[in-house]
There are 4 protein chains.
Amino acid sequence: MSPRRRDSESTAAARAERRAELLATAAEVFASRGYASTTVREVADAAGMLGGSLYYHFDSKESMVDEILSVFLTDMWAAYDAVTAAGLDARETFRSLIAESFRTIDRHRPAVVIYQNESKHLATNPRFAYLTDSQRRFRAMWLSVLDRGVMEGVFRADLDTGLIYRFTRDTVWLAASWYRRDGRLSADEIARQYMAMVLDGIVTT
Amino acid sequence: MSPRRRDSESTAAARAERRAELLATAAEVFASRGYASTTVREVADAAGMLGGSLYYHFDSKESMVDEILSVFLTDMWAAYDAVTAAGLDARETFRSLIAESFRTIDRHRPAVVIYQNESKHLATNPRFAYLTDSQRRFRAMWLSVLDRGVMEGVFRADLDTGLIYRFTRDTVWLAASWYRRDGRLSADEIARQYMAMVLDGIVTT
Amino acid sequence: MSPRRRDSESTAAARAERRAELLATAAEVFASRGYASTTVREVADAAGMLGGSLYYHFDSKESMVDEILSVFLTDMWAAYDAVTAAGLDARETFRSLIAESFRTIDRHRPAVVIYQNESKHLATNPRFAYLTDSQRRFRAMWLSVLDRGVMEGVFRADLDTGLIYRFTRDTVWLAASWYRRDGRLSADEIARQYMAMVLDGIVTT
Amino acid sequence: MSPRRRDSESTAAARAERRAELLATAAEVFASRGYASTTVREVADAAGMLGGSLYYHFDSKESMVDEILSVFLTDMWAAYDAVTAAGLDARETFRSLIAESFRTIDRHRPAVVIYQNESKHLATNPRFAYLTDSQRRFRAMWLSVLDRGVMEGVFRADLDTGLIYRFTRDTVWLAASWYRRDGRLSADEIARQYMAMVLDGIVTT
DNA sequence: GATGAATGAGATTTCATTCAT
DNA sequence: TATGAATGAAATCTCATTCAT
């Protein structure tokens, strides 16, 4: 009502920004303490407010994780879709997907950790059916790249692509658990070394 | 049926056996539902008894995970110690450690899953300080093998051994999440393919 | 059935003796830990058996206190009745009642402690109505002696006999909480000093 | 109603006041039913709320008794310390301590009852070590007054001061069990009669 | 937007008691 | 007589959620 309240900071945009802030805080806490064993009060403490106050912004604890994961998955798939739409050969597609994965981790580290740790459990709830869908689609995408690579003669045919998929997936995503943005190695440097290792092995030739 | 059997079935041996049975059941449930979100009643249901009855055998929910993890770690280190005591070169030590890891997973799959998922959270409790200790020792052991391998010229020197350690650790242990004893591939076959991949890479040469 | 079982130790007398032993043990434990917060298992531990085994001898935890208190009260009233039947004057009756009280404490210390601590709470249970009855009768007896003493001119008339009764009762019975049979002072010596104090005061004359 | 009042009613002051109210309620219930056999729900009922709601204000049932007893002991020692700091002779110090004891009972009757009934049991818990400390200090204070009185020739030398201490302590504090603020006798009147009795005895001279 | 107090369902835990052996 | 295992009711405690202010 006062002129001040007309500021861009006091409109719907400001509200969305506050939501995003709170979600970032919640994601940190869920990632470090685990979703199930984090209390709403712990999230509120981290956000500098009281437990009940969070309910002005969110319906429930569940809707917080929901939004955290949805935002992350949407962003991740946008990046992946751009790669697959680029029409690269199998080897370059593989490289780019790996690189994009590490960049996504860089942007959404806490969300990735939550995704890794809680997906299986949350997916039993219909509300989170999209997690299972995403996983299925994810697997299909990677297997298609790997199988194409084998056909193109660039990837070894004596390895089980199902196994390669699993090992690749696990290592890449688990990196979110130890990766620190301010650490010794950048996301791109980690991706580079990771690819050197996976593609050519750790043994001297 | 034999007289011997009847003896062992009563007394302390029978009691220990019952404990072990119940712990195996609890481990399955904790592994599949997550420790924090598993209720004592779910464990009891799975064991075919009422919630309170578990407390005849165990002090608390916490002491169940404690025993599950301790037993697993003890067994794992026995296997690792046997390998490192064998005086093999770096490459063979690496191979053997990987193989032992998959065999340990084969014997203690649920415990490994719990270890992966809950360690970080449980370790904040002094009672579980041994988890942190074990992790430290684990890291030291793997780094020593990798560094030795680089010095012996068998492992590439252009890769960060810290990174190799992490990637190796993650893939090996995460296998516990999807490995099934009755699946298509045996533990040893998985270990074989895994090493082929890690040692020589997935690219054709 | 065997000749051995014919021993006097294996008849009803032996059974009663075992009961008495167990009750003595239970009384000790109830007295030191409090009835409500003592578990049946603690009693059993103290008796060198398992929790369930006590139920061969007693119907319930409640029936244990019941028997402990009944036995004690019966014995105490026998002593009191002997005193009041002796036809002594007020002062001598008072002295004798005090002396008998300390002797009863000497014989039933744990029961007296239980009586002091748990009576009020137990008395809400109809089964223990006799506790209230006993207390009423107790009060009447003491007040009659005190009032008689005032009338006979041996006790001061300027003090409220209700108060004297309470103070006397409290000190005497609370002595059970600290009195030890093997302590520095015998029950009779304590009674003597106690009477010197109550009758003549602690001030020099 | 005054503006000042409205201020104090909100914020931390109001919270402290509510705590105090709830503690007073809890103390009544613990005193009348016994700490161990009082359920949190009974306390909540008496306070007009549900069981869980108490945990908004207090950590645990234990922390309730803790606060009840601490507050009481702090207040009691403030009164005692004022007396001992006044430099009175033994007889007057004794009189004043007795009088303060009855006044403390008047202010903290339920807390005193709890203290009497539960101290021994609670003191086994390290959290309540201060109960033992207080008791020790209490004993030292009384004995010092009594011994000084004997030396000054005002108290009889033929009585064991240890016994006098115990009898005095017991009678005074047990008064909390039957004393009612709205009863026939005021705290000071009870103290007066009590001292007449203890100092000069109940026998006519 | 946020607070503070409460709710109430559900979790872990305790423990008197039962019962087959 | 005693054991060992289990029961089941009840207790303490936790926590997501609500709501008046």
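No hydrogens, no waters, no symmetry mates; every other heavy atom, side chains included, goes into these values. As the structure is a prediction and not an experimental result, all values here were calculated from the model.
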(request) Would you mind telling me which of F/dA16, F/dT12, E/dT12 lies closest to the side-chain atoms of B/Val40? (result) E/dT12
(request) Using a cut-off of strictly less than 4.0 Å, decide whether A/His57 has a side-chain nitrogen or oxygen near OP1 or OP2 of E/dA2. (result) yes
(message) Here's a test of your reading of the structure: between C/Gly52 and D/Gly51, which maps to the more 5' nucleotide of DNA chain F?
(response) C/Gly52
(request) Taking B/Glu42 for its side chain and B/Thr39 for its backbone only, find out whether a donor-acceptor pair lies under 3.5 Å. (result) yes
(message) Are the side chains of D/Ser70 and D/Phe128 in contact, using a 4.5 Å heavy-atom criterion?
(response) no
(message) Does D/Arg41, at its CZ atom, have more than 12 non-hydrogen atoms belonging to other residues, nucleotides or ligands within less than 6.0 Å?
(response) no
(request) Mind checking B/Thr38 for me? I need base, sugar-phosphate or nothing, with any heavy atom below 4.0 Å counting as a touch. (result) sugar-phosphate
(message) Just the rounded figure in Å: distance from P of E/dA16 to OH of C/Tyr55.
(response) 6 Å
(message) If a pair means Watson-Crick or G-U wobble with both distances below 3.5 Å, what does DNA chain F look like in dot-bracket form, with | marking bases paired to a different strand?
(response) .||||||||||||||||||||
(request) Measure the distance from OH on B/Tyr56 to C1' on F/dG8 and round it to the nearest whole Å. (result) 17 Å
(message) Please check this pair: side chain of C/Ser119 against backbone of C/Tyr115, looking for a donor-acceptor N/O pair closer than 3.5 Å.
(response) yes
(request) Measure from the side-chain N and O atoms of A/Arg19 to the backbone N and O of A/His57, and report whether any donor-acceptor pair falls under 3.5 Å. (result) yes
(message) Side chain of A/Ser60, heavy atoms from C-beta onward: which of F/dT12, F/dT17, E/dT13 has the nearest atom to it?
(response) F/dT17
(request) Hey, which sits more toward the 5' end of DNA chain F by its nearest nucleotide, A/Ser53 or D/Arg41? (result) D/Arg41
(message) Can you work out whether A/Leu22 or B/Ala36 has the more 5'-proximal nearest nucleotide on DNA chain E?
(response) A/Leu22
(request) Grab the CG-C1' distance between D/Leu54 and F/dT14 for me, whole Å please. (result) 14 Å
(request) Take atom CD of C/Glu21 and atom C1' of F/dT1, then tell me their distance rounded to the nearest Å. (result) 14 Å
(message) Checking contacts here: which listed nucleotide (E/dA2, F/dG4, F/dT12) is nearest the side-chain heavy atoms of A/Arg18?
(response) E/dA2
(message) Distance to the ring centre below 6.0 angstrom and angle to the axis at most 45 degrees; does that hold for B/Lys61 and B/Tyr55?
(response) no
(request) Measure from CZ on C/Phe30 to P on E/dC15 and round the result to the nearest Å. (result) 13 Å
(request) Using atom CZ of B/Phe58 as one end and atom C1' of F/dA5 as the other, report the distance to the nearest whole Å. (result) 13 Å
(request) Starting from P on E/dA11, measure out to NZ on B/Lys61 and report it in whole angstrom. (result) 10 Å
(message) Output the rounded distance in Å from CZ (C/Arg33) to P (E/dA16).
(response) 12 Å
(request) Side-chain contact test, heavy atoms from C-beta onward, threshold under 4.5 Å: evaluate it for D/Leu22 versus D/Phe58 and give yes or no. (result) yes
(message) What's the closest nucleotide to the side chain of A/Leu50 if the choices are E/dA16, E/dT3, F/dA11?
(response) E/dT3
